[in-house]
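Quick notes on the structure that follows.
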Amino acid sequence: MTARDDTPLWLFADQLGPATYGGEHAHRDVLLVEATSALRRRTYHRQKLHLVLSALRHAQRDLGDRAMLLQTDTYTDALKRYRRPVLVYEPTSHAAEQFVHRLKDQGLVADILPTPTFALPRADFADWAGDRTRFRMEDFYRDQRRRFDVLMDGDEPVGGRWNYDTDNREPPPKKQETLAVPKPYQPREDDIDGRVRHDLDRMSIDTVGNDGPRLFAVAPAEAQRALARFVEHRLPAFGRYEDAMMGQDWAMSHSLLSVPLNLGVLHPLDAVHAAEQAYQRKAAPLSAVEGFIRQILGWREYMWHLYWHFGPGYLHNNTLHARTALPKWWRELDADAVTAACLHDALTGVRDRGWTHHIQRLMVLGNHALQRGYHPRELTEWFATAYVDGFRWVMPTNVVGMSQHADGGKLATKPYASGGAYINKMSDYCGDCAYDPKKRIGEDACPFTAGYWTFVRRNKDLLAQNNRTRRAVSSMERLADLDAVLEQETARRRF
Ligand code: FAD
Ligand code: SF4
């Protein structure tokens, strides 16, 4: 079956912006579906379900007569009820892609279009990847800058260097509880949010985490406001404190744009261009602007394309043979069961907002999971369901690859494991903690410091073969109390 000029579009909940329903498709009707079986399939964070339903219903309101929102048990039920073959964009997960191809075979889908919600088309990435076996984000990022002509001066990067942010990372400012930057944009909840909350209460779906005020943009107009506020007030401080953590400041100078980007209501190139323009009118320094653009045009796009390039089997990698099941307190986001100040704060963030910033994901939660050998696939599932910006495509490379090194180094050259000294340097947590980051033995031994040595011991053969981690193994071999540390950590039940 071929698509006709009046074939409607069926949009998934992460394809809800003008890039999908505007431009050459602006005349088409739009089908939106709330499939309860999809909401129930996994135990999601309550606020994640709220954001998804709110985004769908705001899209329906914005599109007016063009849109029909069907509430059914399954997507197939909705398509059968709709009775018109639809056009769909390539969905954002392997499973959903197979599903829409099956629907096409059944005649329910007329055609499948390339997804327009990322900057670089998938086919172009396949050309870029060619027969490369080693991937470097830096190579990809520079080519993205050239291709989209972002922060370029002819063939050269503006300012003469590609990287301005990475040598510019600072610990949090001393004697200050929060970064002195204006608060992030917070949407005003409306009647749609009220109904979503009411419906979620009524549907009695199993969820994790606390309900709370909606913190993230779910509609294109809100996303533009969030972007404008970030660029005007917070972008100048971006980058400098990107690796820092502050107990009293959950957002620091992060953009909080991952949700609107991942829902498709904000296009990545709009965010990139807004930041570039701020540099051009001297409203933000190059270091901050370059740092932000690197995240969006570099990291985000890179993770998206590698998800497809590595294929569905990537999720099953487990090079470090990590087999520990996620503990109950972790699965249930029971932050109050945790003593370690850094871990307590990160888990509180997940429980109360379904969001923490990058360095808490990587160097607190991911680091803890790596040290304790949590199963990478279980952990991927946890991140995908407990985080409000967790979508299938974004998780495997971030969790299996970057955070757990379970792919044997395809994505990151060394595991992101560190002891309490790193957390102490880059955060203000340790001063108020019951543990001491310098201690690896005793009642107040820091679980990250002691955990680091147990991690090195468990993986010493692999770490000894890597130039970047060999020294950790020799340092471990010089520890006189290693056996006692291992015994203590094997017996540790509380963190
Ligand atoms: P900012 O710090 O303001 O960065 C700007 C944007 O850059 C983000 O909005 C995001 O779109 C993009 N970005 C930067 N790094 C990455 C990356 N590694 N992968 C994808 N996008 C990136 N990001 C998600 O969008 N969803 C996730 O579920 C997710 N889970 C993660 C899990 C782990 C273990 C790790 C290490 C990283 C994860 N990330 C995820 C990447 C990153 O932590 C978040 O995108 C970021 O913290 C979102 O907050 P922000 O919008 O304020 O980001
Ligand atoms: Fe975290 Fe250890 Fe510092 Fe406590 S002492 S906050 S557990 S790093």
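Values below: every heavy atom of this structure, side chains too, minus hydrogens, waters and symmetry copies. Whatever order the structure lists them in is the order used to number ligands and atoms, beginning at 1.
How far CG of L261 is from CH2 of W304: 13.0 Å, rounded to the nearest 0.5 Å.
Atom numbering of ligand 1 starts at 1 in the shown order; those under 4.0 Å from a heavy atom of V394 are 20 (C), 23 (N), 24 (C), 25 (O), 26 (N), 27 (C), 28 (O). Atoms of ligand 1 lying under 4.0 Å from at least one heavy atom of L261, given by number and element, are 9 (O), 11 (O). Interface of G390 with ligand 1, defined as ligand atoms under 4.0 Å from a residue heavy atom, comprises 28 (O).
Under a cutoff of 6.0 Å and an axis angle of 45°, R331 and W382 do not form a cation-pi pair.
Considering backbone and side-chain atoms together, L257 places an N or O closer than 3.5 Å to an N or O of ligand 1. Ligand 1 has an N or O atom lying under 3.5 Å from an N or O atom of N262, backbone or side chain. The shortest N or O to N or O distance between Y387 and ligand 1 is not under 3.5 Å. Close N/O approach between L256 and ligand 1 is found [any backbone or side-chain N/O within under 3.5 Å]. Not one N or O of W299 is nearer than 3.5 Å to an N or O of ligand 1, by distance alone. For H357, no nitrogen or oxygen atom sits less than 3.5 Å from a nitrogen or oxygen atom of ligand 1, counting backbone and side chain alike.
With respect to atom 19 (N) of ligand 1, the closest heavy atom belonging to the protein is N398 ND2, 3.0 Å. From the protein, the heavy atom lying nearest to atom 6 (C) of ligand 1 is I296 CD1, 3.7 Å. Nearest protein heavy-atom neighbour of atom 43 (O) of ligand 1: H358 ND1, 2.8 Å. What sits closest to atom 53 (O) of ligand 1 on the protein, heavy atoms only, is S255 OG, 4.0 Å. When hydrogens are left out, the protein atom nearest atom 34 (C) of ligand 1 is F383 CZ, 3.7 Å; that is the closest non-hydrogen contact. The protein non-hydrogen atom at the shortest distance from atom 48 (C) of ligand 1 is S258 OG, 3.4 Å. Shortest contact from atom 12 (C) of ligand 1 to any protein heavy atom: Q295 O, 3.5 Å. The protein non-hydrogen atom at the shortest distance from atom 46 (C) of ligand 1 is R361 NH2, 4.0 Å.
The backbone N or O of Q15 sits nowhere less than 3.5 Å from a side-chain atom of T117 that would complete a donor-acceptor pair.
Within the 4.0 Å heavy-atom shell around ligand 1 one finds F238. The closest approach between a heavy atom of Y302 and any atom of ligand 1 is not below 4.0 Å.
The shortest distance between side-chain heavy atoms of Y422 and N367 does not fall below 4.5 Å. Side-chain atoms of Q295 and R300, non-hydrogen and from C-beta on, never get closer than 4.5 Å to each other. Residues M246 and P173 are in side-chain contact: their nearest non-hydrogen atoms beyond the backbone lie under 4.5 Å apart. Under the 4.5 Å side-chain criterion, counting only non-hydrogen atoms from C-beta, H305 is not in contact with T397. When side chains are defined from C-beta on, L235 counts as touching F238, because their heavy atoms get closer than 4.5 Å. Using a 4.5 Å heavy-atom cutoff, the side chains of C433 and C342 are not in contact.
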**Request:** Would you check, one step at a time, whether the test salt bridge (charged side-chain N to carboxylate O under 4.0 Å, His left out) holds for D139 with R134?
**Result:** CA-CA 11 Å; D139 299 337; R134 275 211 83 77; over 6 Å; no

**Request:** Carefully, step by step, assess W299 and Y141 under the rule ring pair (Phe, Tyr, Trp, His ring centres under 6.0 Å).
**Result:** CA-CA 8 Å; W299 278 111; Y141 168 62; 9.5 Å; no

**Test log, rule salt bridge (charged side-chain N to carboxylate O under 4.0 Å, His left out), inputs R377 and E381** = CA-CA 6 Å; R377 204 167 60 243; E381 181 66 19; over 6 Å; no

**Message:** Could you walk me through whether F118 and W393 satisfy the ring pair (Phe, Tyr, Trp, His ring centres under 6.0 Å) test, starting with their C-alpha distance in whole Å, then the side-chain angles of each, then the deciding distance to 0.1 Å, before giving a yes or no?
**Reply:** CA-CA 12 Å; F118 290 82; W393 64 269; 5.2 Å; yes

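Taking the six-membered ring where tryptophan is involved, the planes of F140 and W128 are perpendicular, since the angle between them exceeds 60° and thus also 30°. The aromatic rings of F135 and F125 sit parallel, their planes meeting at an angle under 30°, below the 60° perpendicular limit.
Residue pairs meeting the side chain to side chain donor-acceptor pair (under 3.5 Å) criterion with at least one partner in residues 402-411, sequence neighbours excluded, are Y314-D407. A side chain to side chain donor-acceptor pair (under 3.5 Å) check over residues 216-227, counting only residues at least two apart or in different chains, returns the pairs R214-E222. Legend: ring-ring contact (aromatic ring centres under 6.0 Å, His included) pairs involving residues 245-269, not counting sequence neighbours, sorted by first then second residue: W250-W355, H254-H357.
Contacts of T397 with ligand 1, taken as heavy-atom pairs under 4.0 Å, are absent altogether. Counting heavy atoms under 4.0 Å from ligand 1, residue H254 touches it through both backbone and side chain. Residue M395 touches ligand 1 through its side chain alone, judged by heavy-atom distances below 4.0 Å. Residue-level proximity to ligand 1 for D389 is carried by backbone and side chain together, each with a heavy atom below 4.0 angstrom.
Comparing M363, E242, M303, R300 against atom 21 (N) of ligand 1, the shortest heavy-atom distance belongs to R300.
The number of protein N/O/S atoms found under 2.8 Å from atom 1 (Fe) of ligand 2 is 1.
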